[in-house]
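Before any comments, here is the structure.
Heavy-atom basis, side chains included; hydrogens, waters and symmetry copies ignored. All figures in this text were calculated on a predicted structure; none of them were measured in a lab. Order of appearance sets the numbers: ligands from 1, and atoms from 1 within every ligand.
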Amino acid sequence: MFAFYLTREDLVHLNFRQRARDAVDRASAELNSNSPERLKYAALELRMAMECLTYERASSYASELPPTEYETWQPRKLMQLLLEIDPRADRDSSVAFGLEDEPGKEATTMTFLGKEKVLNLATIKRHYDALGSYLHTPTLKQLKNGAAIDHEKFRARCNVICKEVEATLETHIWNINFGNFSEMPCVRCGHTVRKRINGPNEIARCFECNATYEINEVTAGQLSWRIIQKIVPCQATSCGKDMIFDDSAIEVGKTVNCPHCGTPHDIHLMICLSDVSTLKDE
Ligand SMILES: [Zn+2]
Ligand SMILES: [Zn+2]
């Protein structure tokens with residue numbers, strides 16, 4: 001199995017923040033040309049700026065993002081995924097520090113470091129797809145109905161997005177990402193599995209071999225990791241002993257052998273017919 005991981009160096013090299021800045025600069029130039037025909041090019045650049053800002057936010061979650069999701073390019077889908085990982089992923093936040101006078105109590109004097117503005121899911125939902133609708137020739141139905149593009153409305157939307165993107169780019173601090181994490185080497189393959197702990201019954205998955213784990217707090221500050229397994233009795237009448245499978249080993253279409261007697265078992269996805277004779281009797 002081969003898994004593709006983004007490294008910190010890759011992410012620095014990709015520099016999404018600068019790409020977003022360049023895109024919004026080009027969008028502004030198109031808007032300033034005051035040509036209605038240039039609005040679609042501004043829209044295209046603004047969509048790219050929104051994509052870059054979302055990819056940049058995703059980069060701070062690179063170690064938690066399943067490598068299969070690296071190909072997700074739609075900002076809405078990507079941000080929704082980040083919110084599943086961390087419910088605070090799209091919130092604005094600020095950073096301040098101070099020396100506690102009493103351990104465990106907030107310091108009376110705090111030094112403010114800065115504030116971050118994130119391009120949030122609501123903004124992406126409101127504008128990203130709406131901009132896309134201007135990037136196509138009107139449909140036959142729209143042309144027949146004589147629906148023309150409202151250039152004033154289109155320009156107004158572009159201006160609003162420009163301001164949103166610029167405000168996001170203006171902050172001196174970005175990618176604030178705090179969390180409680182737990183990690184351990186996968187018992188199946190040794191790859192480090194890392195999980196952000198947002199609450200009880202967290203499910204972690206090894207991105208290398210797909211083993212899944214349930215994480216729970218046993219005592220204050222102490223977490224237990226339990227690999228998720230299924231126990232299935234061997235179907236050979238002469239055996240009947242329990243077969244234990246990791247959750248990730250159960251794949252439809254696969255054949256597994258009983259570890260006790262060697263009898264092969266096929267894994268099927270089944271929908272069984274209800275007992276027809278019982279239904280008729282009722
Ligand atoms: Zn593993
Ligand atoms: Zn058996």
Q) Do you see an N/O/S atom of His191, backbone or side chain, under 2.8 Å from the Zn ion (ligand 1)? A) no
Q: State, to 0.1 Å, how close Arg155 and Ser35 come at their nearest heavy-atom pair, and which atoms those are.
A: NH2-N, 3.9 Å
**Q.** Considering all heavy atoms, the nearest Ser33-Arg38 contact
**A.** OG-CG, 3.4 Å
Q: Over all heavy atoms of both residues, which pair between Ile173 and Glu116 is shortest? Give the atoms and the distance, please.
A: O-CB, 3.5 Å
Q: Quick one: the SG of Cys234, the Zn ion (ligand 2), SG of Cys261 angle, rounded to 10°, please.
A: 110°
(Q) Using a strict threshold of under 4.0 Å (side-chain N to carboxylate O), is an ion pair present between Glu100 and Lys105? (A) no
Q | N/O/S from Cys258 sitting under 2.8 Å away from the Zn ion (ligand 2) | A | yes
Q | Angular separation of SG (Cys209) and SG (Cys206) seen from the Zn ion (ligand 1), to 10° | A | 110°
